[in-house]
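Data first, discussion second: the structure below is written as structure tokens.
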Amino acid sequence: MPESVTLSFSQIANQLTTHFNNIQQHRLCEYSERNDNFIHITPKAKSGSKFISNLYPRSILYDYANGTGALDPSIFFNEQNMNDADILQSIRYNNGSNDNEGNGMSIEKIQTVPKLEMTKFQEDVTYGKNAENAIDEQRTDYWSDFSKVTYNPSCILTHPEYNYDTQTRHGISKNGASNKFLGHQLGVNSFSNVESFAESVDEQIRKMFEDSNSVSQVNVVVELDSAWSGVCYETTRQMIDDQLNGKGGKVALWSLQHDGEYVNGLNGVGKLDRIKKLIDFANLEISGIIPLNIDYSNELFINKDSMWEKTAFLSIPFDFFNDVQNSDITEMMYKLTDGGLRKFVDEVNILWDSEKNFSLGVSDIFVPTVKAISSHVFSKSVVHPACTSEEEKFTKMIAKFSNFESIMKDNGTAKVYLNEYTTRHSFEYIDSTPEYFKTADVKAASLGVTNRFKNNFRDMHSFVSKFCRNDDREELKDTLVNLSEAYTNGFEFSDEEEDD
């Protein structure tokens, strides 16, 4: 049986991964007779027993020191307002004060806060009860706050020097609140410096591959706008070399990232860092890169800043494309990216119900830019459940969502690049998602590649030409030229030529 492995980097990425794994466990319990529900879950039995004693997702989570929230077995340190980490408060005792009167000693004291208590939802899950209170009303800052699965403890790897700040959603250094876990190179260095990260390729990842009968796909989920990009890059690169013989066609990278407006607000160093991250991932031997917009919200949101709600939505296309019947991510991404020629997917959509179509992708992967003069669709893949009733109505609804006929007619896109797949399961509500998901009737999800990012690559090239003076300047420029050309449809005028 083909099986799937997921590597997840950062608290935000782990929230999406946990939504996904909650769905898998729900299906395993509801449809226990189906063997295909073990694709993403590993059953564990006690030695010498035929009975399953535990179920572990085939996932490895990389997180901050306090990333497991209330389930963290160790004490984590924070400033009283929960913003910064490990603040050392120096208390100097003078003559005539306290018990150390007259000894003139200096004492360093760590300022801490009480360990997080479990929410009602966590207690219900722990004791095998049905959740009585809507999770919307409870704490959902950490993935553990809404997890219904038990992760293998050895597969949760944490950075000992950084804690997660739930307000800013940044990693904060224990040595000083001003030091944040940002910057691609910091992540690359962390991979080498944190022993558990460096050893994970040869330990946890290798063991997960060996325990699987046949790994058919690997999902890599990462929060791009953090140093986790560097940890992810090094881990993925070495995993492909060591476990996949240098061939990463099975690997799909799901990039949780801010849209172009965020990048526009960065300084020059931040903009160049974003470019280097994207180029590093583009140069990896992987099947494709799917950017997901963590700035996304819609009219249904209870809290438009809630990462729990955002990742609940973003987990839908992730689940649909990991639940395809009689196919796998290798085949789908090969057709979608034209054999890896165009690795960046720019359209991510879900059909929330028969009327609402939500776009979950980013508009720009660099600063907002002038869109291509004419839009062109290179490829598109649509995934939907099998029709169970009113076949004619269902077929028309999917045809409208996919828009294949119009794409072939208006764009001249070959039919081989327009593909439709069927999922193993229909969308179902589970109680770890927002309550308004009860009324959802998600019928399809789609990924598409258009020429939208062409001008982003052109603008990156211009930025590197003007501001980059590093040794890798020419290499970056060459790569960006190739990317821009890959997203050009035939012979197109540049915007400057069109203006002339």
Side-chain angles (χ1 to χ4, degrees), residues 4-10 13-14 17 58-63 155 157-159 181-210 212 215-257 272-292 329-330 333-334 337 339-345 365 460 470-472 475-476 478-480 482-483 486:
S4 170
V5 169
T6 299
L7 308 181
S8 186
F9 299 85
S10 85
N14 294 342
T17 300
R58 286 192 179 87
S59 301
I60 299 174
L61 309 187
Y62 297 74
D63 213 324
C155 291
L157 309 176
T158 58
H159 198 311
F181 199 57
L182 301 171
H184 190 57
Q185 190 58 44
L186 175 59
V188 172
N189 295 341
S190 293
F191 174 82
S192 301
N193 297 335
V194 178
E195 186 177 1
S196 62
F197 292 176
E199 293 180 350
S200 64
V201 177
D202 196 45
E203 295 291 337
Q204 287 85 352
I205 295 176
R206 177 186 58 80
K207 190 173 188 307
M208 193 163 286
F209 271 76
E210 290 176 350
S212 303
V215 175
S216 63
Q217 59 192 58
V218 179
N219 291 295
V220 177
V221 190
V222 63
E223 179 194 354
L224 183 71
D225 298 303
S226 69
W228 288 110
S229 64
V231 181
C232 171
Y233 170 74
E234 284 297 318
T235 306
T236 305
R237 183 180 63 82
Q238 292 195 23
M239 174 200 65
I240 292 171
D241 288 343
D242 295 352
Q243 302 301 325
L244 299 174
N245 298 317
K247 299 176 181 178
K250 297 178 179 180
V251 182
L253 191 144
W254 303 77
S255 174
L256 303 175
Q257 61 190 71
L272 186 59
D273 189 61
R274 167 66 85 101
I275 292 172
K276 289 183 176 180
K277 293 176 181 189
L278 295 173
I279 297 303
D280 267 358
F281 286 138
N283 288 333
L284 279 175
E285 187 66 30
I286 58 178
S287 64
I289 302 163
I290 304 103
L292 298 174
I329 204 76
T330 307
M333 294 304 294
Y334 187 87
T337 65
L341 176 63
R342 290 175 286 270
K343 288 183 180 178
F344 288 91
V345 173
I365 54 174
M460 290 184 214
N470 298 336
D471 294 340
D472 55 357
E475 185 178 346
L476 287 173
D478 290 344
T479 302
L480 289 164
N482 293 335
L483 285 168

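Keep in mind the model is a prediction, meaning the values are calculated, not measured.
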**Prompt:** By salt bridge (Lys or Arg N to Asp or Glu O under 4.0 Å), which residues pair with Glu210, not counting sequence neighbours?
**Reply:** Arg206
**Asked** Taking only residues two or more places apart in sequence, or in another chain, which ones meet His159 in a side-chain hydrogen bond (donor to acceptor under 3.5 Å, both in side chains)?
**Response** Ser190
**Message:** According to side-chain hydrogen bond (donor to acceptor under 3.5 Å, both in side chains), who are the partners of Gln185, at least two apart in sequence or on a separate chain?
**Reply:** Asn189
**Message:** Holding to salt bridge (Lys or Arg N to Asp or Glu O under 4.0 Å), I want the full list of residues that pass it with Asp225, two or more places apart in sequence or in another chain.
**Reply:** Arg274
Show me the donor-acceptor pairs within less than 3.5 Å that the side chains of residues 281-288 make with the rest of the protein, sequence neighbours left out.
unit_1: Asn283; atom_1: ND2; unit_2: Ile279; atom_2: O; d: 3.3
unit_1: Ser287; atom_1: OG; unit_2: Val251; atom_2: O; d: 2.6

**Message:** Measuring only between side-chain heavy atoms, which start at C-beta, is Leu278 closer than 4.5 Å to Leu224?
**Reply:** yes
**Asked** With a 4.5 Å heavy-atom cut-off, do Ile60 and Thr235 have their side chains touching?
**Response** no
**Message:** Counting C-beta onward and ignoring hydrogens, is there a side-chain heavy-atom pair between Leu253 and Cys232 closer than 4.5 Å?
**Reply:** yes
**Request:** Quick one: pull up CG in Leu483 and CG in Leu341 and give me the separation to the nearest 0.5 Å.
**Result:** 9.5 Å
**Fill in**
Hits for side chain to side chain contact (heavy atoms under 4.5 Å, CB included) against Thr17, two or more places apart or cross-chain, chain-then-number order -> Thr6, Ser8, Asn21, Ser59, Leu61, Tyr151, Val221
**Request:** Mind checking side chain to side chain contact (heavy atoms under 4.5 Å, CB included) for Asp241 and listing every partner two or more places apart, or none if nothing turns up?
**Result:** Arg237
**Asked** Do the non-hydrogen side-chain atoms of Met333 and Val345 ever get within less than 4.5 Å of each other?
**Response** yes
**Item:** Distance, nearest 0.5 Å, that separates CE of Met460 from NZ of Lys276
**Value:** 14.0 Å
**Set of residues satisfying side-chain hydrogen bond (donor to acceptor under 3.5 Å, both in side chains) with respect to Asp242, sequence neighbours excluded** = none
**Request:** Under the side chain to side chain contact (heavy atoms under 4.5 Å, CB included) rule, collect the residues that match up with Ser226, sequence neighbours excluded.
**Result:** Glu223, Trp228
**From Asp63 atom CG to Ser10 atom OG, the distance as rounded to the nearest 0.5 Å** = 7.0 Å
**Prompt:** How many angstroms lie between atom CD of Gln204 and atom CE of Met208, to the nearest 0.5 angstrom?
**Reply:** 8.5 Å
**Asked** What distance separates Ile365 CD1 from Ser255 OG, expressed to the nearest 0.5 Å?
**Response** 9.0 Å
**Asked** Under the ring pair (Phe, Tyr, Trp, His ring centres under 6.0 Å) test, which residues partner Tyr62, sequence neighbours left out?
**Response** Phe9, Phe197
**Fill in**
Lys250 meets the side chain to side chain contact (heavy atoms under 4.5 Å, CB included) criterion, sequence neighbours left out, with Leu244, Thr330
**Message:** Holding to salt bridge (Lys or Arg N to Asp or Glu O under 4.0 Å), I want the full list of residues that pass it with Asp273, two or more places apart in sequence or in another chain.
**Reply:** Lys277
